[in-house]
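For reference, the structure discussed in these notes is given below.
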Amino acid sequence: MAKKKEEKVSSKSKSSSKDKKDKKRKVQESPAGDSPKKKRAKKEDEPQEHIWKWWEEEALEAGIKWRTLEHKGPMLAPEYVRLPKHVKFFYDGKPMDLSEATEEVAGFYARMLEHEYTSMEQFNKNFFKDWKKEMTSHERDVITDLKKCDFRRIAEYYKDESEKRKAMTKEEKQALKAEAEAIQNEYGFCVVDGHKQKIANFRVEPPGLFRGRGQHPKMGKLKKRIRAEDIIINIGKGAQVPKPPKGKWKEVRHDNTVSWLASWTENIMGNVKYVMLNPSSKAKSMKDYQKYEKARELKDHVDKIRKNYSEDFSAREMAIRQRAVALYFIDRLALRAGNEKDEEQADTVGCCSLRLEHLKLSVEHHDEDLNSSQQSIIDNNNSINGDSPLKKVKLESGVQNNDQQSPSKDGQSSPSKNKRYMVEFDFLGKDSIRYQNKVAVEKKVYKNLILFMEGKSPQDDLFDRLTTAVLNKYLNECMDGLTAKVFRTYNASKTLQDELDKRTVPKMTLEEKMLAYNRANRAVAVLCNHQRAPPKTHDKQMENLESKISDKEKALKEAKKEFKKAKKDKDDKNKEKFKKRVATLENQLHKLEIQRKDKSENKTIALGTSKLNYLDPRITIAWCKRYDVPIEKVYNKTQREKFLWAIEMATPDYRF
DNA sequence: AAACTGACTTAGAATCCAGGGC
DNA sequence: GCCCTGGATTCTAAGTCAGTTT
């Protein structure tokens, strides 16, 4: 199947690039194909009418993002529709009519009533304060206590509405779908340098209550409605400027050094928000490609860089030692750079912003025992070219690096003592995701950490002489364009490549190959600490699987019995029959068991983020081609669109 | 050199929806 | 044919990092 796609996209024709008007349509791909158009009613086939083979074109000059740009502007959020008269808000037990603005904001809160946000003090405090600002002076006089507010009727109303939507007839749903499609076609695309490109987010964010992650000081604040007057349109000089549905744009500009189509400033954090292109677009794809090329470039420099920072562990200047140790963490543990943050944001950290309270040091005295080194860093570091990232040590909760960990055999150790210098990290990182990891580090690193901590309090910065700017400036001297985040990309992709090499054997079944792939992917997700809340249904899902498995086991047992019986009876016909059945059942059971492993190992690990942002897609595609795994097995439609450039470029022997 | 601003990538949760099992 | 589950998609917050301003 992967074949078909290849042909469609294939660019063997050197002539290339002028095939702009390439009208070739999926529908007529194979006149011989015996499935004419019976699938009409089905979802329209992949709409690749035209593929922009930008990789065969000459690049635009540095800093220029486009030559021409046309679009219809963003779609504004629908106007607020008032509640029916009978849907009442109650204050202190009594129904109360609200002004339009007050009612709208009440509705935002009502819709979140089920959510635990509404039980958080900070959220309620912020909400109430902002809500009051929307009230008339009369309302403000009456409504003085959030606890006396009863939003339940409003919440019910919205719930009913969404139930109604779900219960609509087929025709109604169809109509709605058609409408959505029309909107997508109208606003969802733009034209860049003559090529139609999909837009990622053509709808401006609707008003609502701000939901920060973690302990966000601004949670619950009112996110204001964005009007045309707030929006800057960026568009080609010659292009027709879209008309706002109401009012005027804040500004129309023609800046081809940026890639966004529209922008506005959001009122909570004061950040600029942008309308940008979809990942499948040339602009995004090319950046993606360059990102991985940059990471590959690091391969040629990383040995030197590691040697340098190891030497810098003993530098005279404290700032340099700090830089070295921070870099060591970034490199070996795939930590993020860690910019400073202010009090207006959740308290989270990355490498450079670590505080003393985020790490604990300890020395462990181990009997000489090579087995126990399975997850320590030491073996990596002590060997001259230990070049794989440090693995996590299992802490209380984590789902860890799965199968083949040979349990270390205690006891048979020699009496010689072996000191291990341990650092235990525990901090909240991006999105307030907890990073917990205990690793053995080099002695020099350990001694430096003690030095950096001397005379400080827990809330003080570990690296007080270091900022991300300083670090990145240094990195840029090591290699052109090198920054802290390149290490994450590099280590992630390298890990995938190594793990796939290690885990795949040609004779594996497709399912086994997929398990191997997922495990390789998982190793990366663990490295990068990509977590997710365990799906609410996880336990039930596991139960379901278990019962399927035990059913299958029963059936298998039964079949085996029958087989034996037939054999004894010399009943050749049945013998054959049950032999076959046993084989299929065994096969099915095996698949189920693989599924079980996969699912349970995935409980709290999110594979998507690394797949989408850290793993050079060419590694995956080459693996697919080499081991005859259909690309559809690893990448869904959206992902195939995003990685089209890689599908096109990667040969079976591609290596990161 | 610190603070600020802007542009862009990376992130997990929420919501949507299709297709497999009954 | 209907319902439920789980993957796909959407959403937007939260990072990184460079350039500019103070």
Side-chain angles (χ1 to χ4, degrees), chain A residues 42-43 63 65 111-112 114-115 117 162 165-167 170 173 176-177 180 184 200-206 208 210-214 216 218-219 223 232 234 255 257-260 263 265-266 268-279 283-284 287-288 290-291 330 336-342 345-346 348-353 428-433 467-473 475-476 481-489 492 525 528-533 535-538 540-541 544-545 548 599 602 604-614 635-639 641:
Chain A
K42 271 223 126 182
K43 215 186 146 58
K65 305 296 170 74
R111 272 180 280 198
M112 290 181 73
E114 306 266 89
H115 203 286
Y117 269 122
S162 80
R165 226 167 303 130
K166 273 182 226 153
K170 224 178 237 157
K173 280 186 181 168
L176 228 52
K177 208 174 158 186
Q184 168 72 32
N201 57 324
F202 60 86
R203 287 171 219 271
V204 305
E205 296 170 16
F210 177 76
R211 302 147 92 114
R213 312 278 183 111
H216 197 115
K218 299 201 173 185
M219 63 166 82
K223 195 165 98 165
I232 302 172
N234 191 35
D255 182 355
T257 68
V258 294
S259 70
W260 51 267
S263 73
T265 302
E266 144 275 323
I268 305 286
M269 308 297 292
N271 291 327
V272 185
K273 299 273 186 151
Y274 303 93
V275 171
M276 288 194 185
L277 296 179
N278 183 272
K284 295 291 183 187
K287 281 304 268 311
D288 213 31
Q290 287 163 352
K291 173 180 74 183
I330 284 168
R336 296 188 184 82
N339 286 316
E340 295 103 302
K341 302 180 73 185
D342 55 43
Q345 301 162 68
T348 64
V349 298
C351 185
C352 295
S353 49
L428 297 183
K430 181 175 179 180
D431 293 314
S432 293
I433 296 293
T467 63
T468 53
V470 169
L471 179 64
N472 281 332
K473 193 161 161 274
L475 289 175
N476 195 247
L482 185 62
T483 62
K485 85 200 240 317
V486 178
F487 282 87
R488 283 194 118 211
T489 313
C528 295
N529 201 40
H530 290 144
Q531 298 190 31
R532 60 168 184 179
K536 291 226 160 55
T537 53
H538 177 85
K540 204 175 92 206
Q541 284 177 35
N544 290 160
L545 248 183
K548 266 192 200 169
K599 192 180 277 296
N602 251 0
T604 59
I605 299 179
L607 300 188
T609 302
S610 50
K611 200 174 190 177
L612 247 40
N613 301 300
Y614 287 102
Y635 289 145
N636 67 29
K637 181 160 155 281
T638 316
Q639 293 166 160
E641 279 167 17

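In what follows, chains are A, B, ... by sequence order, proteins preceding strands, each numbered from 1. Quick note: numbers below take in every heavy atom, side chains included, and nothing from hydrogens, waters or symmetry partners.
The aromatic rings of His216(A) and Phe210(A) sit perpendicular, their planes meeting at an angle over 60°, well past the 30° parallel limit.
At dT12(C), none of the side-chain N or O atoms of Arg203(A) fall inside 4.0 Å of OP1 or OP2 (strictly under the cut-off). Phosphate contact (OP1/OP2 of dC8(B), side-chain N/O of Lys65(A), threshold under 4.0 Å): present. Close to dA14(B), at under 4.0 Å from its OP1 or OP2, lies a side-chain N or O of His115(A). Taking only side-chain nitrogens and oxygens, Lys291(A) comes nearer than 4.0 Å to OP1 or OP2 of dT10(B). At dG15(C), one or more side-chain N or O atoms of Lys341(A) fall inside 4.0 Å of OP1 or OP2 (strictly under the cut-off). Note on Ser259(A): a side-chain N or O is less than 4.0 Å away from OP1 or OP2 of dC8(B). When the side-chain nitrogen and oxygen atoms of Lys177(A) are compared with OP1 and OP2 of dA18(B), one or more of them lie within a distance under 4.0 Å. Residue Ser263(A) places no side-chain N or O under 4.0 Å from the OP1 or OP2 atom of dA7(B).
The nucleotide whose nearest atom lies closest to any side-chain atom of Val272(A) is, among dA11(B), dA14(B), dG6(B), dG6(B). Taking every side-chain heavy atom of Thr483(A) into account, dA18(C) is the closest of dA18(C), dT10(B), dA7(B). Relative to the side chain of Arg213(A), the nucleotides dA18(C), dA7(B), dA14(C) differ in distance, and dA14(C) lies closest. Here the nucleotide nearest the side chain of Lys485(A), chosen from dT12(C), dT10(B), dA7(B), is dT10(B). For Pro206(A), the listed nucleotide lying nearest its side chain is dT12(C); candidates were dA18(C), dC8(B), dT12(C). Considering only side-chain atoms of Thr348(A), the nucleotide from dG6(B), dG12(B), dG15(C) that sits closest is dG15(C). For Tyr614(A), the listed nucleotide lying nearest its side chain is dA11(B); candidates were dA11(B), dC8(B), dA13(C). Taking the side chain of Arg336(A) as heavy atoms from C-beta on, and the options dA14(C), dT9(B), dT16(C), the nearest nucleotide is dT16(C).
Among the atoms of the strands shown, only primed sugar atoms or phosphate atoms (P, OP1, OP2) are found under 4.0 Å from some heavy atom of Ala484(A). Across all strands, Asn472(A) comes closer than 4.0 Å only to sugar-phosphate atoms, never to a base (heavy-atom distances). Within 4.0 Å of Ile268(A), counting heavy atoms only, lies no atom of the nucleic acid at all. Within 4.0 Å of Arg488(A), counting heavy atoms only, lie sugar-phosphate atoms of the nucleic acid but no base atom. At the heavy-atom level, Gly429(A) lies under 4.0 Å from the strands shown only through sugar-phosphate atoms. In this structure, Gly338(A) reaches the sugar-phosphate backbone alone: every heavy-atom distance under 4.0 Å involves primed, P, OP1 or OP2 atoms, never a base. Residue Ala200(A) is out of contact with every strand shown, counting any heavy-atom pair closer than 4.0 Å.
One interatomic measurement links the two molecules: CG of Asn278(A) to C1' of dT10(B), which rounds to 16 Å at whole-angstrom precision. Whole-Å rounding puts the Lys223(A) NZ to dT12(C) P distance at 5 Å. The CG atom of Leu471(A) sits 8 Å away from the P atom of dC17(C) (whole-angstrom rounding). Nucleotide dT15(B) holds its P atom 11 Å from the CD atom of Glu114(A), rounded to whole Å. If you measure from atom CG of Asn529(A) to atom P of dT10(B), you get 17 Å, rounded to the nearest angstrom. In this structure, Asp431(A) atom CG and dG12(B) atom P are separated by 6 Å, rounded to whole Å. Taking atom CG on Asn476(A) and atom P on dA18(C), their separation rounds to 7 Å, with Å as the unit. Atom P of nucleotide dC17(C) and atom CD of Glu340(A) are separated by 13 Å, given to the nearest angstrom.
Counted by atom type alone, Tyr614(A) and Arg488(A) present one or more donor-acceptor pairs between their side chains at under 3.5 Å. The closest side-chain donor-acceptor pair between Thr348(A) and Lys430(A), if any, does not fall under 3.5 angstrom.
Side-chain contact between Leu471(A) and Ile330(A): present, with at least one pair of heavy atoms (C-beta onward) separated by less than 4.5 Å. Side-chain contact check for Leu607(A) versus Asn602(A): some heavy-atom pair is nearer than 4.5 Å. The shortest side-chain heavy-atom distance between Arg203(A) and Asn201(A) does not fall under the 4.5 Å cut-off.
For Lys284(A) against dT9(B), no side-chain N or O and base N or O form a donor-acceptor pair under 3.5 Å.
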> Between Thr468(A) and Asn339(A), is a side chain to side chain donor-acceptor pair (under 3.5 Å) present by the stated rule, with each step listed?
Replying inline: CA-CA 6 Å; Thr468(A) 53; Asn339(A) 286 316; 2.5 Å; yes
> So Gln290(A) and Asp288(A), side chain to side chain donor-acceptor pair (under 3.5 Å) or not? Walk me through it.
Replying inline: CA-CA 5 Å; Gln290(A) 287 163 352; Asp288(A) 213 31; over 6 Å; no
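Of the residues near DNA chain B, Asn613(A) and Lys166(A), the one whose nearest nucleotide (by heavy atom distance) lies more toward the 5' end is Asn613(A). Where Met269(A) and Gln639(A) each meet DNA chain C at their nearest nucleotide, the meeting point lying more 5' is that of Gln639(A). Positionally, the nearest nucleotide of DNA chain C for Asn636(A) lies more toward the 5' end than for the other of Asn636(A) and His216(A). Toward the 5' end of DNA chain B, the nearer of the two residues Thr265(A) and Ala283(A), judged by each one's closest nucleotide, is Thr265(A).
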List, with names and distances, any nitrogen or oxygen atoms from the protein found under 3.5 Å away from nitrogen or oxygen atoms belonging to nucleotides 20-22 of chain B.
none

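The residues Glu266(A) and Lys223(A) are annotated as not salt-bridged, no charged nitrogen and carboxylate oxygen being separated by less than 4.0 angstrom.
For Lys173(A), the NZ atom is densely surrounded, since the number of other residues' heavy atoms within 6.0 Å is greater than 12.
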